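Quick caveat: nothing in here was measured; it's all calculated off a predicted structure.
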Amino acid sequence: MIEYLLPILSAWFTMLIILDPLLSVSMFINLTEHLSKAEVIRQAFIATAVAGVLMLSFLFFNDLVFDLLGIELESFKVAGGGILFILGLQIVLGIDIGGSSAGHKSLASPDRVGKKAMAGVIIGTPIMCGPGAITTVMILGAQEGLFITLTAVLLALVCIWLILVFSTVIKKLLGETVIVILSKIMGLLLTAIAVHTIWTGILGLIALSVI
């Protein structure tokens with residue numbers, strides 16, 4: 001069991017970086033500011049459940065997706081790493097690529113959000129579980145196996161739920177500026193993971209071409 005601990009921790013940390021729950025704290029507070037404590041907890045659960053269902057679906061069926069599309073893991077690493085790199089740049093630089101800003105501010109406007117009771121769904125996807133999270137889950141699942149990735153995802157979801165439930169407390173303790181800085185750091189780590197993913201994918205494709 002001990003030999004699984006380090007890979008699980010590594011995969012868990014990777015999932016936290018790509019999900020970047022600190023990026024969702026301010027928006028979650030804004031969307032739930034007039035709701036009761038019980039409803040806030042409920043919306044936090046909904047957000048976690050939505051993100052979890054999406055990630056676990058792609059985790060369990062990643063082999064089927066690869067087989068149906070006829071692609072190798074290495075090709076997916078290069079393409080997925082490119083997506084992660086772009087997402088990391090959006091978070092670090094706050095730029096808008098493809099009409100979706102890193103802060104997802106457009107999603108917070110009244111005409112896009114609708115009822116605040118939908119806060120959990122909006123935070124669950126696309127804020128936390130978007131293309132980057134799905135890509136990461138599929139790559140980890142193919143590399144580390146089902147048990148390690150599943151454990152890491154579940155641990156990350158528990159952490160996310162706690163962060164959302166106590167989002168108001170976290171914002172008061174850290175302040176908006178510190179939260180933004182920490183989120184930028186997470187984005188920088190994400191770009192580093194993306195570069196490593198792309199590089200290992202390229203090396204794998206080169207190895208396959210030689211064989």
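For the pair Leu174/Val25, no side-chain contact is recorded, criterion being any heavy-atom separation below 4.5 Å from C-beta on. Annotation: side chain of Phe76 is in contact with side chain of Thr135 (closest heavy-atom distance under 4.5 Å). The closest side-chain heavy-atom distance from Pro21 to Phe28 is not below 4.5 Å. A 4.5 Å side-chain heavy-atom check between Met55 and Leu157 finds at least one atom pair inside the cut-off. Between Ser75 and Leu205, some side-chain heavy-atom pair lies under the 4.5 Å cut-off. Using a 4.5 Å heavy-atom cutoff, the side chains of Val165 and Val40 are not in contact. A 4.5 Å side-chain heavy-atom check between Ile160 and Ile163 finds every atom pair outside the cut-off. Looking only at side-chain heavy atoms (C-beta outward), Ile139 and Gln143 come within less than 4.5 Å of each other.
The heavy-atom pair separating Ile17 from Met186 by the smallest distance is CG2-O, 3.4 Å. Lys171 approaches Ile179 most closely through the heavy-atom pair CA-CD1, 3.7 Å. Across Leu19 and Ala133, no two heavy atoms sit closer than the pair CD2-CB, 3.9 Å.
Atoms CG and OG1, on Leu84 and Thr191 in that order, are 10.0 Å from each other to the nearest 0.5 Å. For the atom pair CD1 of Ile148 and CD1 of Ile8, the computed distance is 6.0 Å after rounding to the nearest 0.5 Å. If you take CD1 on Ile41 and CZ on Phe45, they are separated by 12.0 Å, rounding to the nearest 0.5 Å.
Formation of a donor-acceptor pair under 3.5 Å by the Glu74 side chain with backbone atoms of Gly201 is not found in this model. In this structure a side-chain-to-backbone donor-acceptor pair under 3.5 Å is present from Thr197 to Ile193. Remark: side-chain polar atoms of Thr149 are paired, donor with acceptor, to backbone N or O of Leu140 under 3.5 angstrom.
In this structure, Lys77 is not positioned above the aromatic face of Phe85 in the sense of NZ or CZ being under 6.0 Å from the six-membered ring centre and within 45° of the axis.
A salt bridge links Glu39 to Arg42: one of the charged nitrogens lies within less than 4.0 Å of a carboxylate oxygen.
Residue Phe61 places its CZ atom among 12 or fewer non-hydrogen atoms of other residues, nucleotides or ligands, all under 6.0 Å distant.
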Show, in sequence, the C-alpha distance, side-chain angles and deciding distance for Leu190 and Asp20, and conclude whether the side chain to side chain contact (heavy atoms under 4.5 Å, CB included) test is met. CA-CA 9 Å; Leu190 178 58; Asp20 195 1; over 6 Å; no
